[in-house]
There are 2 protein chains.
Amino acid sequence: MAARDYGEYGGVTRALEIVGERWAMLIVRDLLVGPRRYGELAAGLPRIPTNILASRLKELQAAGVIHRVPRSRVIIYELTAYGRELEPIVLGLGAWGFKALDDPRAEQVITPDSLAIDLRSAFQPQVASTFPTTAYAARFGSAAVTLQVDGPTLLLGELDAPVDLSFAAGPDFRRLLSGDLPAQRAIASGEVEVLTGHSELLQRFTQTFRLAA
Amino acid sequence: MAARDYGEYGGVTRALEIVGERWAMLIVRDLLVGPRRYGELAAGLPRIPTNILASRLKELQAAGVIHRVPRSRVIIYELTAYGRELEPIVLGLGAWGFKALDDPRAEQVITPDSLAIDLRSAFQPQVASTFPTTAYAARFGSAAVTLQVDGPTLLLGELDAPVDLSFAAGPDFRRLLSGDLPAQRAIASGEVEVLTGHSELLQRFTQTFRLAA
DNA sequence: CGGGATCCCTTAGGATACTG
DNA sequence: CAGTATCCTAAGGGATCCCG
């Protein structure tokens, strides 16, 4: 770590020495969704070389951002309390980067963890509070997530209620989340296909999850 | 930019493709303090190679984060509105990294812009509101800043009032900002030297600028 | 089969010199 | 002062192999 520090004494440089290396912040992002195994992280970061993943995990562990937990014959990586403090920063980066998204290119994939974090950064708690509890199953491109919105809180992954609306869309979730493509028009044009549930609930979804473009 | 993107379609990856490269976020940090010329940026980032600075500036400009403004025979770089939206993220990174700071090493320097941002991330507006307007001139190691605290607002750099307290300290500003080293003890031990003004004002400073360790 | 380690090669980045 | 040009090293990409 001697050659790649910044030679400066300050909070921002220190943070970047820890999570500024290539791929590091994406590992943190995926672990914010939940604890993950080595192979799950590798699958969620399609282009990461395995040696880089291994060394980033060691570095993040040495810095106290993550720790490895042996759990019933397999090893689980999870964020420490200090690592979880990066959540607002990662969500902020997601919201900021969202505005710079172009159209999805053919070689780009959407991973479930990436989608989960984007939806969390789009989540509007105060709007959500105005609706009754709602469970969604959403698919964008090849990535699917289930979400349960319960008042001002958002639960990702595990549902304890039946799904109220499940829908599938193409990889371009930008226009739906930005409000650029209204829910009813998305359905009418076929850009969003409602699989189960009331199609009116898609409008509730787009009000609950909103990111400025 | 083809080989160094992440092959993923999402907000966080897009953000990191723009400001995730080495040195990029530090350029943004320094420009958050104010517009800067090429040479000023180079001076504020002591170890950046000049070719890297040049290419980062081009990339950030292409992404709409900064723009070059010719001003009276010299070129000024400044953040665009989109670039300024990174402010809470940079301040958050600063506060997060602050907690991981070790003792300053001999080869590490403190630059004025880095110090300015660290103090901004430490600024406590609600505490500041309880004090009358106060102007400080602070020096840590080789970096000096002037600050004017006016109610809940903080002005860096230009003062329109006489300095109420000026002091000098070593490069280790951690213990003072974390509250680990109380103001009076810092003065008694000589770790902080009050140059002009009432030494009691140092306590006001440490209450106004506070970062958890 | 999960969790890495090893290999080779490519490219970004560091150091320094140079130019309009 | 504001950058280019060059050369070289080290980090990252890609594939394969290893070990419990």
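Predicted model only: the values in this text are computed from it and were never measured. Just so it is clear: chains get the letters A, B, ... in the order the sequence lines come, proteins before strands, and each one is counted from 1.
- For A:Asp5 and C:dG14, the CG to C1' distance is 13 Å, given to the nearest whole Å.
- For the strand DNA chain D, secondary-structure stems (runs of at least three Watson-Crick or G-U pairs, all distances below 3.5 Å) span C:1-19 with D:2-20.
- Rounded to whole angstrom, the span from the CD1 atom of A:Ile52 across to the P atom of C:dA12 amounts to 14 Å.
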Could I get a table of every N or O pair under 3.5 Å where one atom is in the protein and the other is in nucleotides 3-5 of chain C?
residue	atom	partner	partner atom	Å
C:dG3	OP1	A:Ile75	N	3.3
C:dG3	OP1	A:Ile75	O	3.3
C:dG3	OP2	A:Tyr38	N	3.4
C:dG3	OP2	A:Gly39	N	3.2
C:dG4	OP1	A:Arg68	NH2	2.7
C:dG4	OP2	A:Arg68	NH2	3.1
C:dG4	OP2	A:Tyr77	OH	2.2
C:dG4	N7	A:Thr50	OG1	3.4
C:dA5	OP1	A:Lys58	NZ	3.4
C:dA5	OP2	A:Lys58	NZ	3.2

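- Distance CZ (B:Arg47) to P (D:dT9): 18 Å, rounded to an integer number of Å.
- Taking atom CZ of A:Arg4 as the reference point, atom C1' of D:dT9 lies 14 Å away to the nearest angstrom.
- Under the rule for a side chain to side chain contact (heavy atoms under 4.5 Å, CB included), the partners of B:Ala168 that lie at least two apart in sequence or sit in another chain are B:Arg139, B:Leu195.
- With contacts defined as side-chain heavy-atom distances shorter than 4.5 Å, the pair B:Leu147/B:Leu155 does not qualify.
- Residues forming a side chain to side chain donor-acceptor pair (under 3.5 Å) with A:Glu87 (at least two apart in sequence, or on another chain): A:Arg120.
- Residue A:Trp23 places none of its side-chain N or O atoms closer than 4.0 Å to OP1 or OP2 of D:dA11.
- Taking A:Ser142 as the reference, nothing meets the side chain to side chain donor-acceptor pair (under 3.5 Å) condition, with sequence neighbours excluded.
- Atom-to-atom, CD of A:Glu21 to P of D:dG13 comes out at 11 Å; the value is rounded to the nearest Å.
- Atom CG in B:Leu53 sits about 11 Å away from atom P in D:dA2, given to the nearest Å.
- Annotation: side chain to side chain donor-acceptor pair (under 3.5 Å) contacts of B:Ser55 (sequence neighbours excluded): none.
- Under the 6.0 Å cut-off for aromatic ring centres, A:Tyr9 and B:Phe140 do not qualify, their centroids lying 6.0 Å or more apart.
- If you measure from atom CD1 of B:Ile48 to atom C1' of C:dG14, you get 11 Å, rounded to the nearest angstrom.
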Donor-acceptor contacts, no H, no angles, side chain residues 97-107 of chain B, under 3.5 Å, sequence neighbours left out:
residue	atom	partner	partner atom	Å
B:Lys99	NZ	A:Glu85	OE1	2.6
B:Asp103	OD1	B:Arg174	NH2	2.4
B:Arg105	NE	B:Glu107	OE2	2.9
B:Arg105	NH2	A:Asp5	OD2	3.0

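- When the P atom of D:dA2 is taken as reference, atom CG of B:Leu45 falls 15 Å away, rounded to whole Å.
- Applying the side chain to side chain donor-acceptor pair (under 3.5 Å) test to B:Glu40 and every residue at least two apart in sequence or in another chain returns nothing.
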What pairs of donor and acceptor atoms, side-chain ones from residues 64-74 of chain A against any protein atom, are under 3.5 angstrom apart with sequence neighbours left out?
residue	atom	partner	partner atom	Å
A:His67	NE2	A:Glu78	OE2	3.2

